[in-house]
Amino acid sequence: MKKNKVLVTGGAGFIGGNFVQYMLDKYSDYYIFNLDLLTYAGDITKHHSYKENENYHFIKADIADRETIMTIFEKEKFDYVVHFAAESHVDRSISDPGIFVKTNVLGTQVLLDASKEIGVSKFVHVSTDEVYGDLDFDPTTFFTEKTPLQPNSPYSASKASSDLLVRAYHETYGLPVNITRCSNNYGPYHFPEKLIPLTISRVINDQKVPVYGDGRNIRDWLHVIDHCAAIDLVMHEGVNGEVYNVGGHNERTNLEVVKTVIKTLGKSEELIEFVKDRLGHDKRYAIDPTKLENLGWKPKYNFETGIAQTIQWYLDNKEWWDQIISGEYQNYFEKQYSI
Ligand code: NAD
Ligand code: TYD
């Protein structure tokens with residue numbers, strides 16, 4: 001029987017890498033192609049077991065390089081595209097927005113053209129709840145798929161722009177697409193520039209944890225494996241052209257998150273250091289996942305079980321994140337923070 005070919009872009013990153021592992025574990029009848037440029041955020045030397053799997057293939061390429069991408073698509077004739085590759089860190093988008101437009105907007109358009117050219121069965125665009133802007137602190141308000149797009153950061157503006165292109169390729173050319181908009185993820189292999197892995201790694205090392213502003217901003221946290229399961233479901237069952245929000249109702253203030261990590265690791269709250277606020281800092285994100293639940297999705301983790309598993313993973317895999325924080329990351333950290 002012919003095996004379907006699934007192209008995963010950004011499979012050397014945090015969520016894409018977990019998704020590659022998830023798919024190889026679940027399906028033996030798919031070839032999984034991981035296409036990644038290996039930017040600072042991409043790492044294929046990770047301890048993922050899939051490197052030896054005969055269904056796994058790696059391609060090093062830039063999604064914004066039209067000629068190369070067209071050649072790869074013509075050669076491999078992928079059945080599915082699941083598109084994660086992006087510049088993903090809000091703080092970096094504030095200091096250098098240009099690369100976000102190139103990768104997230106132009107790169108997505110190149111992939112859409114290539115997908116249209118060969119006629120893929122599905123293009124899943126992995127987006128973010130940040131395209132909706134932010135909510136106030138009223139706990140009864142949530143982002144739904146009908147919430148207007150009002151991105152506030154260069155990162156979320158670039159993701160919203162790519163969402164609009166994906167939608168347009170469906171409306172104009174009939175490309176079979178879905179867009180998923182997930183809340184903040186956490187879990188294994190999360191790059192330590194983001195709040196949760198940054199906090200865990202610094203607390204383990206008894207270093208100060210920088211909390212922006214007053215720490216009252218709220219994020220809605222989802223374990224990465226629950227996000228992978230959602231994408232798998234949408235890829236197979238999603239109605240073409242539809243958007244699906246992904247979130248598990250795990251809203252926490254940043255201060256609550258940091259204090260939970262400190263408590264679990266048995267350290268002192270004196271490690272918390274309030275630092276100057278992020279520019280344009282979104283107040284609150286919170287997802288209404290009803291539409292996805294109606295498709296059959298249910299998360300396995302809540303915040304308590306997920307954060308305990310994640311902290312344990314960082315304790316067990318210090319080698320992986322040590323190697324990151326001792327490299328080029330040091331320069332980023334010193335430039336970004338003055339503590
Ligand atoms: P990440 O930064 O960990 O990984 C991004 C990957 O994309 C890296 O492996 C990098 O090398 C690759 N990449 C970057 N530019 C590329 C290019 N030009 N060509 C090919 N590959 C390139 O990101 P992540 O946190 O895993 O996020 C993945 C996707 O999920 C992104 O599209 C992001 O917007 C979305 N998302 C993330 C979250 C979150 O909480 N992290 C939540 C919702 C949605
Ligand atoms: P982050 O992990 O960067 O995700 P996003 O900005 O995409 O939501 O940040 C999560 C929250 O944590 C956000 O409100 C900003 C805050 N934060 C800090 O307080 N200190 C930090 O050092 C970082 C990186 C983030």
Side-chain angles (χ1 to χ4, degrees), residues 8-20 34-44 46 59-65 68-69 82-94 99-100 102-104 106-108 110-111 125-131 134 152-153 155-156 158-160 162-163 180-187 189-199 202 208-222 224 227 230-231 245-247 252-255 257-258 272-278 280-285 287 333 336-337 339:
V8 177
T9 71
F14 163 47
I15 309 174
N18 278 283
F19 184 73
V20 168
N34 170 12
L35 185 150
D36 200 296
L37 182 60
L38 301 182
T39 67
Y40 79 93
D43 175 12
I44 41 161
K46 311 195 245 223
I59 304 169
K60 182 166 191 258
D62 181 348
I63 56 167
D65 175 351
T68 303
I69 293 296
V82 187
H83 175 34
F84 294 91
E87 288 294 333
S88 69
H89 191 35
V90 173
D91 290 328
R92 289 185 191 252
S93 83
I94 293 168
I99 186 69
F100 285 71
K102 179 170 183 248
T103 297
N104 300 1
L106 184 63
T108 300
V110 167
L111 290 172
H125 180 59
V126 181
S127 190
T128 164
D129 60 353
E130 302 190 26
V131 299
D134 67 350
N152 294 321
S153 72
Y155 162 66
S156 54
S158 69
K159 291 296 290 186
S162 63
D163 286 19
T180 58
R181 295 191 179 130
C182 192
S183 61
N184 286 63
N185 281 213
Y186 66 98
Y189 294 116
H190 202 180
F191 196 86
E193 68 188 350
K194 307 279 172 67
L195 179 68
I196 287 186
L198 179 136
T199 302
R202 291 187 67 83
K208 293 275 187 191
V209 179
V211 173
Y212 296 160
D214 59 11
R216 288 178 54 219
N217 302 60
I218 290 173
R219 296 294 181 265
D220 185 357
W221 294 97
L222 190 75
V224 64
H227 189 189
I231 293 166
N245 283 354
V246 191
R252 298 286 185 284
T253 66
N254 294 336
L255 207 49
V257 169
V258 171
I272 295 172
E273 176 141 333
F274 291 97
V275 299
K276 85 171 177 326
D277 209 354
R278 174 185 277 175
H281 196 172
D282 283 340
K283 286 190 288 297
R284 172 174 168 260
Y285 305 144
I287 286 276
F333 192 87
Q336 175 68 22
Y337 304 93
I339 63 173

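Atoms within each ligand, like the ligands themselves, are counted from 1 in listed order. Each residue takes its place number in the sequence, starting with 1.
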Original post:
Got a donor-acceptor contact below 3.5 angstrom from the Asn104 side chain to the Glu87 backbone?
Top reply: yes

Original post:
ligand 1 and Leu37, any nitrogen or oxygen pair closer than 3.5 angstrom?
Top reply: yes

Original post:
Between Asp129 and ligand 1, which part of the residue brings a heavy atom under 4.0 Å of the ligand: side chain, backbone, both or neither?
Top reply: neither

Original post:
Would you say the side chain of Ile287 lies within less than 4.5 Å of the side chain of Leu222, judging by non-hydrogen atoms?
Top reply: no

Original post:
Are a donor atom and an acceptor atom from the side chains of Tyr285 and Glu130 found within less than 3.5 Å of each other?
Top reply: yes

Subject >> For atom 42 (C) of ligand 1, the protein heavy atom that lies nearest, with its residue and separation >> reply: Ser183 O, 3.4 Å

Original post:
Where's the contact between Tyr155 and ligand 1, heavy-atom distance under 4.0 Å: side chain, backbone, both or neither?
Top reply: side chain

**OP:** Tell me which protein heavy atom sits closest to atom 15 (N) of ligand 1, plus the residue, atom name and distance to 0.1 Å.
**Re:** Thr103 CG2, 3.5 Å

Original post:
Where does Asn185 meet ligand 1, judged by heavy-atom distances below 4.0 Å: at the side chain, the backbone, both, or neither?
Top reply: both

Original post:
Which residue, Asp277, Asp134, Asp214, forms the salt bridge (charged side-chain N to carboxylate O under 4.0 Å, His left out) with Lys283?
Top reply: Asp134

Original post:
So, does Gly11 sit close enough to ligand 1 that a heavy atom of it is under 4.0 Å from the ligand?
Top reply: no

**OP:** Looking only at non-hydrogen atoms, find the nearest pair between Tyr155 and Ser93 and report the distance.
**Re:** N-OG, 3.0 Å

Original post:
Atoms of ligand 1 less than 4.0 Å from Leu38 heavy atoms?
Top reply: 11 (O)

Original post:
If you measure from CG on Asp129 to OG on Ser127, what distance do you get to the nearest 0.5 Å?
Top reply: 9.0 Å

Original post:
Is the shortest N/O to N/O distance between His227 and ligand 1 below 3.5 Å?
Top reply: no

Original post:
At a 4.0 Å cut-off, with the gap strictly under it, does some heavy atom of Gly17 reach an atom of ligand 1?
Top reply: no

**OP:** Looking only at protein heavy atoms, identify the closest one to atom 5 (C) of ligand 1 and say how far it is in Å.
**Re:** Ala86 O, 3.5 Å

**OP:** Please report which non-hydrogen protein atom sits nearest to atom 25 (O) of ligand 1, along with the residue it belongs to and the distance in Å to one decimal place.
**Re:** Phe14 CD2, 3.7 Å

Original post:
Hey, does Phe191 sit under 4.0 Å from ligand 1 if you only count heavy atoms?
Top reply: no

**OP:** Pick whichever of Asn34, Leu222, Val126, Asn18 has a heavy atom sitting closest to atom 30 (O) of ligand 1.
**Re:** Val126

Original post:
Would you say Trp221 and Ile196 make side-chain contact, with heavy atoms under 4.5 Å?
Top reply: yes

Original post:
Does Lys159 approach ligand 1 within less than 4.0 angstrom via side chain, backbone, both or neither, non-hydrogen atoms only?
Top reply: side chain

Original post:
Is any side-chain heavy atom of Val224 closer than 4.5 Å to a side-chain heavy atom of Phe14?
Top reply: yes

**OP:** Nearest 0.5 Å please: distance from the CD1 atom of Ile59 over to the CG atom of Leu35.
**Re:** 5.0 Å

Subject >> side-chain contact (heavy atoms from CB on, under 4.5 Å) between Thr103 and Ile63, intermediate numbers included >> reply: CA-CA 7 Å; Thr103 297; Ile63 56 167; 4.1 Å; yes

Original post:
If hydrogens are left out, which of Gly42, Ala61, Ser88, Gly13 has an atom nearest to atom 4 (O) of ligand 1, that is, the closest non-hydrogen atom?
Top reply: Gly13

When you pair each N or O of ligand 2 with protein N or O atoms, which pairs come out under 3.5 Å?
| unit_1 | atom_1 | unit_2 | atom_2 | d |
| --- | --- | --- | --- | --- |
| ligand 2 | 2 (O) | Leu195 | N | 2.9 |
| ligand 2 | 3 (O) | Arg278 | NH2 | 3.0 |
| ligand 2 | 4 (O) | Asn184 | ND2 | 3.3 |
| ligand 2 | 6 (O) | Arg278 | NH1 | 2.5 |
| ligand 2 | 6 (O) | Arg278 | NH2 | 3.4 |
| ligand 2 | 7 (O) | Glu130 | OE2 | 2.5 |
| ligand 2 | 8 (O) | Asn184 | ND2 | 2.9 |
| ligand 2 | 8 (O) | Arg219 | NE | 2.7 |
| ligand 2 | 12 (O) | Asn254 | ND2 | 3.3 |
| ligand 2 | 14 (O) | Arg219 | NH2 | 3.2 |
| ligand 2 | 14 (O) | Asn254 | ND2 | 2.8 |
| ligand 2 | 14 (O) | His281 | NE2 | 2.7 |
| ligand 2 | 19 (O) | Tyr212 | N | 2.8 |
| ligand 2 | 20 (N) | Pro210 | O | 2.8 |
| ligand 2 | 22 (O) | Pro210 | O | 3.3 |
| ligand 2 | 22 (O) | Tyr337 | OH | 2.7 |

Original post:
Going by heavy atoms in the side chains, are Leu255 and Phe274 under 4.5 Å from each other?
Top reply: yes

Original post:
Does Asp282 reach the side chain of Arg219, with side-chain heavy atoms less than 4.5 Å apart?
Top reply: yes

Subject >> Heteroatom distance test (Asp43, ligand 1): nitrogen or oxygen, under 3.5 angstrom >> reply: no

Original post:
Does any non-hydrogen side-chain atom of Val257 lie less than 4.5 Å from one of Thr199?
Top reply: no

Original post:
When you measure from atom 19 (N) of ligand 1 to each heavy atom in Thr128, Thr9, Ile63, which option holds the nearest one?
Top reply: Ile63

Original post:
Which residue holds the protein heavy atom closest to atom 37 (C) of ligand 1, what is that atom called, and what is the gap in Å?
Top reply: Ile15 CD1, 3.4 Å

Original post:
Can Arg92 be said to sit on top of Tyr40's aromatic six-ring, NZ or CZ under 6.0 Å from centre and within 45° of the ring axis?
Top reply: yes

Original post:
Is a side-chain donor or acceptor of Thr9 paired with a backbone partner of Phe84 at a separation under 3.5 angstrom?
Top reply: yes

**OP:** For the residue pair Ser162 and His125, confirm or rule out a side-chain donor-acceptor distance under 3.5 Å.
**Re:** yes

Subject >> Sub-4.0 Å atoms of ligand 1 with respect to non-hydrogen atoms of Gly10 >> reply: 6 (C), 7 (O)

Subject >> Pairwise side-chain contact, Ile15 with Val126, heavy-atom cut-off 4.5 Å (strictly under) >> reply: no

Original post:
Which residue owns the protein heavy atom closest to atom 8 (C) of ligand 1, what's the atom, and how far is it?
Top reply: Asp36 OD2, 3.6 Å

Original post:
Which of the listed options, Thr108, Val110, Val224, Asp62, holds the heavy atom that is closest to atom 17 (C) of ligand 1?
Top reply: Asp62

**OP:** Could you tell me whether Asn184 and ligand 1 have an N or O pair separated by under 3.5 Å?
**Re:** no

Original post:
Can you find a pair of side-chain heavy atoms, one from Asn217 and one from Arg278, that are under 4.5 Å apart?
Top reply: no

Subject >> Identity and distance of the protein heavy atom lying nearest atom 29 (C) of ligand 1 >> reply: Phe84 O, 3.2 Å

Original post:
Which option, Ser127, Ser156, Cys182, owns the non-hydrogen atom nearest atom 44 (C) of ligand 1?
Top reply: Ser127

